[in-house]
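Worksheet: one structure, shown below.
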Amino acid sequence: MYKRDFDILLQKELPQGMLFYGDSEFYINFYTKKILDRMPGASINTFYFSDYNISQVLDILGQGSLFGDKSIVVLKLDSKIPKKEVEALYKCLKNNPDNMLIINFFRSENKSPVQYAQDFRSFGAMFRKEGFVDVQFFAPTMMESIILLRQKAEELGIRIADYLLQSLLQLQNNDLGIAMGELEKYQVFDEEITMEILQKLSFGLGSVGLENLLDSIFENKDILVVYEKILEEGEDEMDMIREIERYFYILFMFCVFIKINGRCDAKEILGYQPPKFIVDKYINRAIKIKEKQFQKIFEGLRTWRNTYLSGEKEAGMRFLINLQANL
């Protein structure tokens, strides 16, 4: 099912088994937290990726409740679990109806979006049983993002206009999770947040630095100075890789859409309408990159990630120099 159907279901009941997947890590984490917040007092056990062990999970979910407490297992995975293990988890939960399972199924770094989609479809099909649901999340639209930021601002007691929430979101490259975290900075202000306050607190964040880095790449400026400055400011290199990958994926979507349709519709491509100057920048950059170049860029980003994880410090610099030289 999709988010809208899941929202309706949650108004009536809480499924015992839930599998979340899709394009939006934000929504996967958001709904997991939302469910857990509805279960105060429950014992929560989270297994991350390679830590997953079916025997341990079954031990936890197989424990009956003596005092009315509940056990919840959260699995954060980037690969499917075998069908026989899904069957074992289902049987275990049916015998222990107070307990609950939530699976967050993310795309692994070595899988393409197509491979990931194939995996979550088959995983979701295995999961469709009585009391179990699988939910596919898409990236939040601009309207959804503003609504969620508005709710968060009200929870924090922050007075801020919607157009400033949109500006905050754009400053963070439309990363709703980061924008949510940034909102907490404004709790110290009793007065209503102004553009001046927002720019003062948000300027110099990684997203701004990353925009400078991308501009330097495409405008053939000195990228190494910007790259080193971003790292000096404490930006996590893995986050940088992820954001650059996301940016080129957007350019790839623009490139493909324009090639197929002979026109550009940013709202149709992204699900929301960015400001014109941002759309123009996407178009100008996307049409200059050929499909084979996109493939090399994504392969280069994967190499950067893998070599960085293996401890090599020069991988980012080498990737950026090659990227700029080949655009």
Would Y52 and F47 count as a close aromatic pair, with their ring centres under 6.0 Å?
-> no
Looking only at atom types and distance, does a side-chain atom of E144 sit under 3.5 Å from a main-chain N or O of T141, one as donor and one as acceptor?
-> yes
Name all residues meeting the salt bridge (charged side-chain N to carboxylate O under 4.0 Å, His left out) criterion together with E192; count only those two or more places apart in sequence or in a different chain, and write none if there are none.
-> none
Name all residues meeting the salt bridge (charged side-chain N to carboxylate O under 4.0 Å, His left out) criterion together with E184; count only those two or more places apart in sequence or in a different chain, and write none if there are none.
-> K152
Rounded distance [0.5 Å steps], CG in L77 versus CG in N104 | 8.0 Å
Give a yes or no on whether a salt bridge exists between R242 and D239, defined as a side-chain N under 4.0 angstrom from a carboxylate O.
-> yes
Check salt bridge (charged side-chain N to carboxylate O under 4.0 Å, His left out) between R150 and all other residues, then give those that pass, not counting sequence neighbours.
-> D162
Check T32 against I28 and note the closest heavy-atom contact, atom names and distance.
-> OG1-O, 2.7 Å
Decide whether E299 and Q295 meet the rule of one side-chain donor and one side-chain acceptor closer than 3.5 Å.
-> yes
Indicate yes or no for a side-chain donor-acceptor contact from R107 to the backbone of K111 under 3.5 Å, with no hydrogens or angles considered.
-> yes
E291, CD: over 12 other non-hydrogen atoms inside 6.0 angstrom = no
Check: Y282 and I250 side chains under 4.5 Å, non-hydrogen atoms | yes
Tell me yes or no: between the side chains of K91 and N96, is some donor less than 3.5 Å from an acceptor?
-> no
Does some side-chain heavy atom of L75 sit less than 4.5 Å from a side-chain heavy atom of L101?
-> yes
Between K80 and S122, does any side-chain donor sit less than 3.5 Å from a side-chain acceptor?
-> yes
Should Y163 and L176 be counted in the same cluster of Ile, Leu, Val, Met, Phe, Trp and Tyr side chains packed under 4.5 Å apart?
-> yes
For the student: nearest non-hydrogen atoms of C264 and I269, plus distance = SG-CD1, 4.1 Å
Answer yes if the ring centres of F137 and F30 are under 6.0 angstrom apart, and no otherwise.
-> no
Between F132 and F127, does the ring centre distance come in under 6.0 Å?
-> yes
Does R159 come within less than 4.0 Å of D190, counting only side-chain N to carboxylate O?
-> no
Contacts of E25 that satisfy side chain to side chain donor-acceptor pair (under 3.5 Å) - sequence neighbours left out = none
Closest heavy-atom pair, T307 versus A315, reported as atoms and distance to 0.1 Å, is OG1-CB, 3.0 Å
When you look at OH of Y249, are more than 12 heavy atoms from neighbouring residues, nucleotides or ligands closer to it than 6.0 Å?
-> no
Going hydrophobic residue to hydrophobic residue with side-chain gaps under 4.5 angstrom, can you get from Y27 over to I8?
-> no
Ignoring hydrogens and geometry, is there a side-chain-to-backbone donor-acceptor pair from N261 to R263 under 3.5 Å?
-> no
Identify the two heavy atoms, one from L58 and one from A88, that lie closest to each other, and give their separation to 0.1 Å.
-> CD2-O, 3.7 Å
Do you see a donor-acceptor pair shorter than 3.5 Å between the side chains of K70 and N99?
-> no
Using distance alone, with no hydrogens and no angle criterion, decide if D7 and Y31 have a side-chain donor and acceptor under 3.5 Å apart.
-> yes
Under 6.0 Å from the CZ atom of R38, do we count more than 12 heavy atoms belonging to anything else shown?
-> yes
Nearest heavy-atom pair of S24 and P140: which atoms, and what distance?
-> OG-CD, 3.6 Å
Just checking, any donor-acceptor pair under 3.5 angstrom between side chains of Y247 and R285?
-> yes
Using the benzene-type ring in the case of Trp, are the ring centres of Y116 and F120 under 6.0 Å apart?
-> yes
Do the side chain of E154 and the main chain of Q151 share a donor and acceptor less than 3.5 angstrom apart?
-> no
Donor-acceptor pair between Q16 and Y90 side chains, under 3.5 angstrom | no
List the steps and the verdict of side-chain contact (heavy atoms from CB on, under 4.5 Å) for I81 and L89.
-> CA-CA 11 Å; I81 60 178; L89 290 166; 3.7 Å; yes
Close aromatic pair by centroid cut-off 6.0 Å: F105 and F20 = no
Would a distance-only check, ignoring hydrogens and angles, find a side-chain to backbone donor-acceptor pair under 3.5 Å from E87 to P82?
-> no
Which class fits the ring pair W304 and Y227: parallel under 30°, tilted 30 to 60°, perpendicular over 60°?
-> perpendicular
Is it possible for you to say whether F248 and V114 belong to one hydrophobic cluster, with membership spreading through side-chain heavy-atom contacts below 4.5 Å?
-> no
Min side-chain heavy-atom separation I258-M253 under 4.5 Å = no
Would a distance-only check, ignoring hydrogens and angles, find a side-chain to backbone donor-acceptor pair under 3.5 Å from Q293 to K290?
-> yes
Under-4.0 Å salt bridge between E130 and K94 | no
Residues in salt bridge (charged side-chain N to carboxylate O under 4.0 Å, His left out) contact with D5, at least two apart in sequence or another chain | none
Kindly give the cluster partners of F138, where membership spreads through any ILVMFWY side chain lying under 4.5 Å from a current member.
-> Y2
